[in-house]
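Please see the structure below; I have some questions.
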Amino acid sequence: MKAKKELLKLLYVGKTKDVYQVDETTLLLHTKDTITGWKIKKSDGSVEIVEDPGANEVVGEISGIGLKNLISSVIYFTKLNNAGISNHFLDADLTEKSMLVRKANSIGAGLECIVRFKAMGSIVRTYPDYVTQGQKLNDFFEVTTKNDFAGDPRISREFLTNPDFGPILTDSQYEEMKSIALSAAKIIRDELILSDCELIDIKFEVGLQNNQIILIDEISAGIMRVNKNNVLLSEEDLAEILAQKR
């Protein structure tokens, strides 16, 4: 892979990566050492940093985590390719901390799929009357929009497939999206079990290429929660584990 970001057009500055245009069908993703989460102001005036892969705020940097996340993306996208699960990965340059990918169209204004094996994070905060922290879930699937300002709200199948709003997806495309996300999550879950780790939840970004649903963005510590020995791993510790699973 010979594409250098300095010679390319910058399309988008993201929280954990920047996006460059290589040509009409190809993009370059350059990873950064940033992490997302929440800044909670405590009663004594101090600020507590809480890492959260689903958050929309950059809360700090960890030296080297961008490269580790890139390595895990290469590992897992390759595994998904081998399993016949469509995604955008083409090539990577670890020296440049960049990944070459197929360009995909956004679905609506952008969608993300969450697969949950246990309840944690936003699902508990949103539905406290119905969901308890750590509750076991049976391959729970949900879809959110990509809208930082609105807090990435959940969006229903009925809304996505309603002709009044497009439809944004057909029924068959929704089923394809769900099937791909569940299949990918189970592959990653089973790989993590080999390291005595438990996948709690994972969030995939999806796009359309030639009218086909594909997984895009990254597969890294920044998009999942994982327990080891019943303790939630930090993004740094998880990135180290994922980057070793070649």
Side-chain angles (χ1 to χ4, degrees), residues 12 14 17 19 24-27 29 53-54 72-92 99-119 121-123 126 137-148 150 152-193 199-220 222-226 242:
Y12 175 73
K17 69 183 72 62
V19 181
E24 291 302 313
T25 62
T26 314
L27 301 175
L29 309 184
S72 70
S73 288
V74 173
I75 291 169
Y76 282 104
F77 276 131
T78 301
K79 288 182 184 295
L80 297 188
N81 273 332
N82 293 339
I85 298 175
S86 299
N87 62 77
H88 69 166
F89 175 70
L90 292 172
D91 199 358
M99 181 166 63
L100 198 67
V101 301
R102 294 186 290 156
K103 186 176 181 180
N105 295 319
S106 293
I107 302 175
L111 295 179
E112 293 180 318
C113 299
I114 303 175
V115 177
R116 300 182 185 274
F117 299 108
K118 275 189 175 180
S122 64
I123 192 171
T126 304
L137 301 174
N138 185 26
D139 304 348
F140 187 86
F141 174 80
E142 59 184 337
V143 184
T144 69
T145 64
K146 274 186 64 65
N147 186 317
D148 290 357
D152 296 342
R154 290 165 174 79
I155 188 167
S156 68
R157 176 174 182 156
E158 287 72 18
F159 192 106
L160 289 168
T161 60
N162 191 315
D164 291 342
F165 308 114
I168 300 168
L169 288 173
T170 65
D171 279 314
S172 61
Q173 285 176 327
Y174 184 92
E175 285 299 323
E176 181 184 11
M177 179 174 67
K178 181 177 181 180
S179 175
I180 287 173
L182 286 172
S183 296
K186 290 174 182 177
I187 288 173
I188 294 166
R189 178 196 62 187
D190 293 346
E191 282 288 323
L192 284 166
I193 287 173
L199 180 61
I200 303 299
D201 56 41
I202 186 166
K203 178 170 66 175
F204 299 108
E205 189 172 343
V206 291
L208 278 173
Q209 188 178 67
N210 299 325
N211 221 32
Q212 179 187 16
I213 304 286
I214 65 171
L215 299 182
I216 61 175
D217 197 37
E218 63 180 342
I219 301 178
S220 70
I223 69 164
M224 65 182 86
R225 291 186 182 90
V226 174
L242 294 179

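Sequential numbering from 1 along the given sequence is applied to the chain's residues. Everything numeric in this text was worked out from a predicted model, so none of it was measured.
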Exercise for the section: Please report the closest heavy-atom contact between Val115 and Ala181, naming both atoms and the distance. Expected result: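 Distance-wise, the nearest heavy atoms are CG2-O, 3.7 Å.
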
Please tabulate, for side-chain N and O atoms in residues 211-218, each donor-acceptor pair with protein atoms closer than 3.5 Å (sequence neighbours left out).
{"residue": "Gln212", "atom": "NE2", "partner": "Ser86", "partner atom": "OG", "Å": "2.9"}
{"residue": "Asp217", "atom": "OD1", "partner": "Lys17", "partner atom": "NZ", "Å": "3.0"}
{"residue": "Glu218", "atom": "OE1", "partner": "Ser220", "partner atom": "OG", "Å": "3.1"}
{"residue": "Glu218", "atom": "OE2", "partner": "Lys17", "partner atom": "NZ", "Å": "3.4"}

Problem - Separation between CD1 of Ile202 and CD1 of Ile188, rounded to the nearest 0.5 Å - result: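 Ile202 atom CD1 to Ile188 atom CD1 measures 3.5 Å (nearest 0.5 Å).
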
Practice task
Compare all side-chain heavy atoms of Arg157 with those of Glu175 and state whether any distance is below 4.5 angstrom.
Solution key: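 Of all side-chain heavy-atom pairs linking Glu175 with Arg157, at least one is under 4.5 Å.
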
Practice task
Give a yes or no on whether Asn210 atom CG has more than 12 heavy-atom contacts from other residues, nucleotides or ligands under 6.0 Å away.
Solution key: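 Incorrect, the count does not exceed 12.
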
Handout entry: Minimum-distance pair of heavy atoms, taken over all atoms of Lys103 and Glu24
Key =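 Nearest heavy atoms, Lys103 then Glu24: CD-O, 3.5 Å.
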
Practice task
Using the side chain to side chain contact (heavy atoms under 4.5 Å, CB included) rule, pick out the option among Asp139, Leu137, Asp201 that qualifies with Phe117.
Solution key: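 Only match with Phe117 under side chain to side chain contact (heavy atoms under 4.5 Å, CB included): Asp139.
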
Exercise for the section: State the CG-CD distance between Asn87 and Glu205, to the nearest 0.5 angstrom. Expected result: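 So the CG of Asn87 and the CD of Glu205 are separated by 13.0 Å.
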
Exercise for the section: Quick one: pull up CG in Asn162 and OG in Ser156 and give me the separation to the nearest 0.5 Å. Expected result: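 Going from the CG atom of Asn162 to the OG atom of Ser156 covers 8.5 Å.
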
Handout entry: Nearest heavy-atom neighbours spanning Leu160 and Leu111
Key =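 Of all heavy-atom pairs spanning Leu160 and Leu111, the closest is CD2-CD1, 3.9 Å.
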
Practice task
Measure the shortest side-chain to side-chain distance between Met224 and Ile219 over non-hydrogen atoms and say whether it is less than 4.5 angstrom.
Solution key: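 Yes. Closest side-chain heavy atoms under 4.5 Å.
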
Practice task
Could you check Arg154 against Ile123 for side-chain contact (heavy atoms from CB on, under 4.5 Å), going step by step and ending with a plain yes or no?
Solution key: CA-CA 10 Å; Arg154 290 165 174 79; Ile123 192 171; 3.8 Å; yes

Handout entry: Straight-line distance of Ile114 CD1 to Ser122 OG, nearest 0.5 Å
Key =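 The CD1 atom of Ile114 sits 5.0 Å away from the OG atom of Ser122.
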
Problem - Residue pair Cys113 / Phe141: nearest heavy atoms and the distance that separates them - result: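 Scanning both residues, the minimum pair turns out to be CB-CE1, 3.6 Å.
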
Problem - Gap separating the NZ atom of Lys203 from the CZ atom of Arg116, nearest 0.5 angstrom - result: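 Atom-to-atom, Lys203:NZ and Arg116:CZ are 9.0 Å apart.
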
Practice task
Can you measure from CD1 (Ile223) to OH (Tyr76) and round to the nearest 0.5 angstrom?
Solution key: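 So the gap between those two atoms works out to 10.5 Å.
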
Problem - Any side-chain heavy-atom pair of Met99 and His88 under 4.5 Å - result: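 They are in side-chain contact.
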
Problem - Close side-chain approach of Leu208 to Gln173, heavy-atom, < 4.5 Å - result: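 A side-chain contact exists here, since the closest heavy-atom pair is under 4.5 Å.
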
Exercise for the section: Evaluate the side-chain proximity of Ile168 to Phe159: yes if any heavy-atom separation is below 4.5 Å, no if none is. Expected result: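 Yes, side chains in contact.
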
Handout entry: Any Val101 side-chain heavy atom under 4.5 Å of Phe77 side chain
Key =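 Val101 does not reach Phe77 side chain to side chain.
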
Practice task
May I ask you to test the Leu242-Val226 pair for a side-chain heavy-atom distance under 4.5 Å?
Solution key: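 Contact flag for Leu242/Val226 side chains = no.
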
Problem - Val143 side chain reached by Tyr174 side chain, heavy atoms, under 4.5 Å - result: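 They are in contact (side-chain heavy atoms under 4.5 Å apart), so the answer is yes.
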
